[in-house]
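Residue numbers count from 1 along this sequence.
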Amino acid sequence: MPTSIITTEDLREFKEELLEDIKAMINHQSSFAPKKWLKSPEVRDLLSISPGTLQNLRINGTLPYSKVGGVIYYDYEEIVKVLEENRIHNKF
């Protein structure tokens with residue numbers, strides 16, 4: 001196996017490439033914005049709940065929704081609001 005010598009210039013180039021990759025990843029994550037309106041399957045995936053549980057949240061008024069032409073839509077901000085309002089703070 002041949003021996004490779006790594007120079008300080010090689011390390012500098014590696015550092016610059018690594019920093020550029022990290023910046024690109026951060027910019028990609030910060031530009032992610034969830035959709036304003038989500039359909040039922042998206043909400044079930046987001047909350048990891050069953051269709052029946054989602055229906056119960058609609059029926060008992062826990063989760064507000066809009067219905068257009070037979071399709072039910074949920075406001076992403078309302079979902080976050082419901083989660084925040086129902087946060088439980090344990091005091092140990």
Side-chain angles (χ1 to χ4, degrees):
M1 174 179 214
T3 304
S4 298
I5 298 176
I6 299 175
T7 64
T8 54
E9 183 60 32
D10 293 334
L11 291 173
R12 191 170 297 128
E13 287 177 20
F14 175 72
K15 179 182 83 169
E16 289 174 8
E17 289 176 17
L18 186 60
L19 286 173
E20 288 301 317
D21 290 345
I22 291 171
K23 286 179 188 176
M25 288 175 22
I26 290 172
N27 288 337
H28 177 69
Q29 287 179 347
S30 63
S31 66
F32 172 75
K35 296 189 302 186
K36 168 118 175 101
W37 294 100
L38 303 173
K39 292 182 181 178
S40 293
E42 297 167 318
V43 175
R44 289 195 322 261
D45 289 342
L46 179 67
L47 300 177
S48 299
I49 58 176
S50 69
T53 300
L54 184 57
Q55 182 178 8
N56 286 337
L57 293 173
R58 280 196 312 267
I59 291 170
N60 66 24
T62 302
L63 199 56
Y65 65 95
S66 297
K67 189 172 183 180
V68 179
V71 180
I72 299 174
Y73 295 95
Y74 303 85
D75 185 339
Y76 178 81
E77 292 175 11
E78 287 289 333
I79 295 170
V80 172
K81 181 180 172 186
V82 167
L83 290 173
E84 291 292 332
E85 289 173 352
N86 289 289
R87 176 176 282 174
I88 297 171
H89 299 279
N90 289 331
K91 297 175 183 165
F92 290 105

Return the OG1 to CZ distance between T53 and R58, rounded to the nearest 0.5 Å. 11.0 Å
Heavy-atom side-chain proximity of Y74 to S66 below 4.5 angstrom: no
Going hydrophobic residue to hydrophobic residue with side-chain gaps under 4.5 angstrom, can you get from W37 over to I72? no
Note, L54 side chain near S40 side chain (heavy atom, < 4.5 Å): yes
Would you compute the distance between atom CZ of R87 and atom NE2 of H89 and round it to the nearest 0.5 angstrom? 5.5 Å
Between E42 and K39, does any NZ, NE, NH1 or NH2 come within less than 4.0 Å of an OD or OE carboxylate oxygen? no
Test side chain to side chain contact (heavy atoms under 4.5 Å, CB included) applied to Y76 and V43, step by step: CA-CA 9 Å; Y76 178 81; V43 175; over 6 Å; no
Measure the shortest side-chain to side-chain distance between L47 and L83 over non-hydrogen atoms and say whether it is less than 4.5 angstrom. yes
Is there a salt bridge (charged side-chain N to carboxylate O under 4.0 Å, His left out) between K81 and E84? Walk through the geometry before answering. CA-CA 5 Å; K81 181 180 172 186; E84 291 292 332; over 6 Å; no
Answer yes or no: are there more than 12 heavy-atom neighbours, outside E9 itself, under 6.0 Å from its atom CD? yes
Quick check: is V82 connected to Y65 through a chain of hydrophobic side chains (ILVMFWY, heavy atoms under 4.5 Å apart)? yes
Crowded around I6 CD1? As in, over 12 foreign heavy atoms under 6.0 Å? no
We want to know whether T7 and D10 form a side-chain donor-acceptor pair, criterion being a heavy-atom distance below 3.5 angstrom. yes
Is any side-chain heavy atom of R44 closer than 4.5 Å to a side-chain heavy atom of P51? yes
What distance separates N60 CG from Q55 CD, expressed to the nearest 0.5 Å? 10.5 Å
Would you call I49 and L57 a side-chain contact if the rule is heavy atoms closer than 4.5 Å? yes
Within the 4.5 Å heavy-atom criterion, are K15 and E17 side-chain neighbours or not? no
Would you say the side chain of D75 lies within less than 4.5 Å of the side chain of K36, judging by non-hydrogen atoms? yes
